[in-house]
Protein chains: 2
Amino acid sequence: MVSAKASRVDDAYARLKADILHARIPPGHVATEPEIALRMGMSRTPIRETLIRLEAEGLVELIPRRGARILPISASAMREIYDILTSLEPDAAARVALARHSAETLQPLHDATSDMEAALERGDLDAWAEADERFHRQLMALTGNRRLQQIVAQLNDQAHRARIITVRLREPPVRSTVEHRAILDALLAGDGPLTRTLFREHRERAAQELLAILENLRLTQL
Amino acid sequence: MVSAKASRVDDAYARLKADILHARIPPGHVATEPEIALRMGMSRTPIRETLIRLEAEGLVELIPRRGARILPISASAMREIYDILTSLEPDAAARVALARHSAETLQPLHDATSDMEAALERGDLDAWAEADERFHRQLMALTGNRRLQQIVAQLNDQAHRARIITVRLREPPVRSTVEHRAILDALLAGDGPLTRTLFREHRERAAQELLAILENLRLTQL
DNA sequence: AAATAATTTAATGCATGCATTGACAAACGC
DNA sequence: GCGTTTGTCAATGCATGCATTAAATTATTT
């Protein structure tokens, strides 16, 4: 056996988190510990620990005598998240560019970009979104900064549901895909400033589009 | 009574965190749950929950069968932290500048700066450090971005011990204090780009100095 | 009927018990 | 003497019990 034996907390954490991210539990939903424990077939203890972790990650809110509330998707939350990502990612990308990684090292980014292009042609938005997130994740991994990776991953998790919803309510992300290709080229060229600029514009546009949709839907809070 | 009744978890959390930040527990120290529970006069349960939270905050590492390890201070960790802060804070400061807050709103920053100057003249490094952290905290508060505030606060907590140590091992922070004044002026002038540039240089220099000292001391890991 | 009070219900916060399992040490074989 | 093996010990992971207390419900009063 390769993987370490999963503890119940590990299990509950993985399942609950997946349920939240895939919106299988509706945003805003409130559930009590005994309720979740029953559903997951374990006692309250591991559920409690799981909820504490999820709260620290910003996916759940623990309301004193009521239970755990799955955080809703709000435009204001998305604005906060995108403001932070717009600061972090372009800088990080610029550092990666300046590190002048080999083409092999950048291969995963290349793959992700190709996958985005292919998915877009097929009209497979789920695959597109997956490749998009993969690109961003791989790029952060190349910085070697663990804390940065964790923070960005956490923010992306928080924004995940909003992206799922909006990706189907907008024009096909042609532009976004093209931008990825341009960023990749800048990275390969080792052009830090260009990478930063492109990435920043990429994030700013994405934020604009997402927020426009959320606000149009009057999804101040979904 | 104004404050909510403190639960044991709240209490243990506050105490443990303070002990860690003030280095009353030496970095690298390992303690078991029963050990901490005994010292804090409560059962393992609230201690457990506290440790989970502290782990999520990056102050403690939970080692499977060994206990909780107070994370050591390493130069590499500080580099990670400062890289992130150097991305986040200057951008955030620029946004604050563009928001053109009134002088009253910026008063806390003014106070913090004055306090730094006064503390420096008195040679009171503790007071100086406190005012410095206050300046940065207040500035982030002005962005109104809760997530940003939380992330920056968390990173500052992680870096706190390193700052305490190094502040006494370097020349008096005259330069740093002057820079704060300049940043404040740029904020008052509503000059976003200038604020960003100044802040970035400020953080980069601070990072350089801190890392130089840590590495000189061969504190790869304290 | 609306507002208030009394009562019931149930979720949390915490303590405790116990099985499991890894860490450590002593005993053993080479 | 040093690497293995076995055995003991204790920390964790989890379940469970219970007091407390907020929320919900019902009863009561105006």
Side-chain angles (χ1 to χ4, degrees), chain A residues 1-20 24-72 221, chain B residues 1-20 24-72 221:
Chain A
M1 201 169 313
V2 184
S3 60
K5 71 294 146 211
S7 68
R8 306 204 192 226
V9 179
D10 292 339
D11 184 42
Y13 174 81
R15 283 214 272 158
L16 249 184
K17 182 165 176 175
D19 284 350
I20 294 170
R24 286 192 289 267
I25 307 178
H29 182 78
V30 177
T32 66
E33 287 173 13
E35 206 174 314
I36 303 173
L38 186 68
R39 182 153 55 81
M40 310 274 283
M42 55 184 81
S43 84
R44 279 173 48 219
T45 306
I47 298 299
R48 211 137 202 287
E49 299 184 4
T50 295
L51 290 176
I52 291 172
R53 279 179 231 265
L54 291 175
E55 184 188 37
E57 276 184 53
L59 291 178
V60 142
E61 178 189 10
L62 259 30
I63 309 173
R65 285 266 151 190
R66 313 279 322 251
R69 174 153 160 274
I70 309 303
L71 282 184
Q221 184 182 307
Chain B
M1 206 166 309
V2 182
S3 61
K5 71 294 144 214
S7 68
R8 304 202 195 227
V9 180
D10 292 339
D11 184 41
Y13 174 81
R15 281 214 274 159
L16 249 184
K17 183 164 175 175
D19 284 349
I20 294 170
R24 286 192 288 267
I25 308 178
H29 181 77
V30 177
T32 66
E33 287 174 12
E35 206 173 316
I36 302 172
L38 186 68
R39 183 152 54 80
M40 310 272 284
M42 56 185 81
S43 85
R44 278 173 48 219
T45 307
I47 298 299
R48 209 138 203 286
E49 299 184 4
T50 295
L51 290 176
I52 292 172
R53 278 178 231 264
L54 291 175
E55 183 188 37
E57 276 184 54
L59 292 177
V60 142
E61 181 188 8
L62 258 31
I63 308 172
R65 285 266 152 190
R66 312 279 322 254
R69 175 154 159 275
I70 309 303
L71 282 183
Q221 186 183 306

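Within every chain, numbering begins at 1; the chains are lettered A, B, ... in the order of the sequence lines, protein sequences first and strands thereafter.
Remark: A:Arg15 engages A:Asp11 in a salt bridge (Lys or Arg N to Asp or Glu O under 4.0 Å) (not counting sequence neighbours). For B:Ala12, the side-chain contact (heavy atoms from CB on, under 4.5 Å) partners at least two apart in sequence or on another chain are B:Met40, B:Met42, B:Ile47, B:Thr50. In this structure, the salt bridge (Lys or Arg N to Asp or Glu O under 4.0 Å) partners of B:Arg44, at least two apart in sequence or on a different chain, are B:Glu33. When the side-chain contact (heavy atoms from CB on, under 4.5 Å) test is applied to A:Ala31, the partners found at least two apart in sequence or on another chain are A:His29, A:Glu35, A:Ile36. Not counting sequence neighbours, A:Thr45 has no partner by the side chain to side chain donor-acceptor pair (under 3.5 Å) test.
Across the protein-nucleic acid pair, A:Ile36 atom CD1 and C:dA11 atom P stand 11 Å apart, rounded to whole Å. B:Glu35 has its CD atom 8 Å from the P atom of D:dA11, to the nearest Å. Look at CG on A:Leu38: it is 14 Å from P on C:dA10, rounded to the nearest Å. Rounding to whole angstrom units, CG of residue A:Leu62 and P of C:dA11 are separated by 15 Å. Residue B:Glu61 contributes atom CD, which lies 14 Å from atom P of D:dT12 at whole-angstrom precision. Across the protein-nucleic acid pair, A:Ile63 atom CD1 and C:dG13 atom C1' stand 17 Å apart, rounded to whole Å. Spacing between atom CG of A:Asp10 and atom P of D:dT12 amounts to 16 Å, rounded to whole angstrom units.
Counting distance only, with no hydrogens placed and no angle test, the side-chain atoms of A:Arg65 and the base atoms of D:dA23 include no donor-acceptor pair under 3.5 Å.
Checking the phosphate oxygens (OP1, OP2) of D:dA10, no side-chain nitrogen or oxygen of B:Arg66 falls inside 4.0 Å.
DNA chain D lies under 4.0 Å from at least one heavy atom of each of the following residues of residues 39-56 of chain A: A:Met42, A:Ser43, A:Arg44, A:Thr45, A:Pro46.
Distance check, rounded to the nearest 0.5 Å: CD1 of A:Ile20 to CD of A:Glu57 gives 9.0 Å.
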